[in-house]
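This report refers to the structure that appears directly beneath it.
Since the model is a prediction, treat every value here as computed from it, not as a measurement.
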Amino acid sequence: QVQLVESGGGLVQAGGSLRLSCAASGSIFVINIMGWYRQAPGKQRELVATITTGGSTNYVDSVKGRFTISRDNAKNTVNLQMNSLEPEDTAVYYCSADVQTRQRMTIIQRYWGQGTQVTVSS
């Protein structure tokens, strides 16, 4: 199995910055796409950003120019630098990793972290 642990959430004023980190561990053969999702109260989980093993990125329109996703393939980590935060960014942020495990490397399984709270005050 694979475990993902997020860190870096907290309370910040509008216009401030936070950096989220996620570390994957376990029986990993290779991690393909990694990403960050968020879920605000009463809303569905939303894709925020993804990054491929080669470093190609994709962002939801609402965070373009403000958030930057990055990864370290050697360390199995993914980060999300969040700048110019807005109250609308308040949510629980979840790390995801599409993993080929050593036991079943012929399939890709998506794993999720436990989530980290980001609260942006106005």
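- Criterion: ILVMFWY side-chain heavy atoms under 4.5 Å apart, direct or through other members. Under it, Ile31 and Val2 are part of a common hydrophobic cluster.
- Interatomic distance, SG of Cys22 versus CH2 of Trp36, reported as 5.0 Å (0.5 Å rounding).
- Considering only heavy atoms from C-beta on, Phe29 stays 4.5 Å or farther from Thr101 through its side chain.
- A donor atom on one side chain and an acceptor atom on the other are not found under 3.5 Å apart for Gln39 and Tyr93.
- At a threshold of 4.5 Å between non-hydrogen side-chain atoms, the residues Thr53 and Arg71 count as touching.
- Considering only residues two or more places apart in sequence or on other chains, Phe67 meets the ring pair (Phe, Tyr, Trp, His ring centres under 6.0 Å) condition with none of them.
- Annotation: side chain of Val120 is in contact with side chain of Asp89 (closest heavy-atom distance under 4.5 Å).
- When all heavy atoms are compared, the tightest approach of Ala14 to Ser122 is CB-CA, 4.5 Å.
- At a threshold of 4.5 Å between side-chain heavy atoms, the hydrophobic network of Ile, Leu, Val, Met, Phe, Trp and Tyr places Met105 and Val99 in two separate groups.
- Atom CD of Gln1 has 12 or fewer heavy atoms from other residues, nucleotides or ligands within 6.0 Å.
- Here the closest heavy-atom approach between residue Ser17 and residue Ser84 is recorded as OG-N, 4.3 Å.
- Val78 places a side-chain heavy atom less than 4.5 Å from the side chain of Ile69.
- Between the side chains of Asn58 and Thr50, no donor N or O sits under 3.5 Å from an acceptor N or O.
- In this structure a side-chain-to-backbone donor-acceptor pair under 3.5 Å is present from Glu6 to Gly115.
- Within a 6.0 Å radius of CZ in Arg104, no more than 12 heavy atoms belonging to other residues, nucleotides or ligands are found.
- Checking Asp72 against Thr77 by side-chain atom types alone, no donor-acceptor pair falls below 3.5 Å.
- Using a 3.5 Å distance cut-off with no hydrogens or angles, the side chains of Gln13 and Ser121 do not pair a donor with an acceptor.
- When every heavy atom of Ser62 is checked against every heavy atom of Glu46, the shortest pair comes out as OG-OE2, 4.4 Å.
- Two residues are said to be in side-chain contact when any heavy atoms from C-beta on lie closer than 4.5 Å; Leu18 and Val118 meet this criterion.
- Between the side chains of Gln81 and Asn83, at least one donor N or O sits under 3.5 Å from an acceptor N or O.
- The shortest heavy-atom contact between Ala91 and Ala40 is CB-N, 3.8 Å.
- The hydrophobic cluster containing Val48 does not contain Ile33, counting ILVMFWY residues as joined when their side-chain heavy atoms lie under 4.5 angstrom apart, directly or transitively.
- Cation-pi check for Arg45 over Tyr94 is met; the charged atom lies under 6.0 angstrom from the ring centroid and within 45 degrees of its normal.
- What you find for Gln117 and Thr90 is that their closest heavy atoms are NE2-CG2, 4.1 Å.
- Take Lys43 and apply the salt bridge (Lys or Arg N to Asp or Glu O under 4.0 Å) test, not counting sequence neighbours, and it matches no residue.
- A donor-acceptor pair is defined here as one N or O able to donate and one able to accept, closer than 3.5 Å; such a pair exists between the side chain of Thr52 and the backbone of Ser56.
- Leu80 contributes atom CG, which lies 10.5 Å from atom CD1 of Ile51 (distance to the nearest 0.5 angstrom).
- Here Arg38 contributes atom CZ and Gln44 contributes atom CD; the two are 14.0 Å apart, rounded to the nearest 0.5 Å.
- Going from atom SG of Cys95 over to atom CG of Leu20 covers 9.5 Å, rounded to the nearest 0.5 Å.
- Note that CZ of Arg19 and OG1 of Thr68 are 9.0 Å apart. Values are rounded to the nearest 0.5 Å.
- Across Asn32, Ile28, Ile107, a single residue satisfies side-chain contact (heavy atoms from CB on, under 4.5 Å) together with Gln100, and that is Asn32.
- Once rounded to the nearest 0.5 Å, the distance linking OG of Ser25 with CD of Gln3 reads 4.5 Å.
- A single hydrophobic cluster is not seen to contain both Leu4 and Val92; linkage of ILVMFWY side chains at heavy-atom distances under 4.5 Å, directly or through other members, places them apart.
- If you chain together hydrophobic residues whose side chains sit under 4.5 Å apart, Tyr37 and Val63 never meet in one group.
- Asp98 meets the salt bridge (Lys or Arg N to Asp or Glu O under 4.0 Å) test with Arg110; sequence neighbours excluded.
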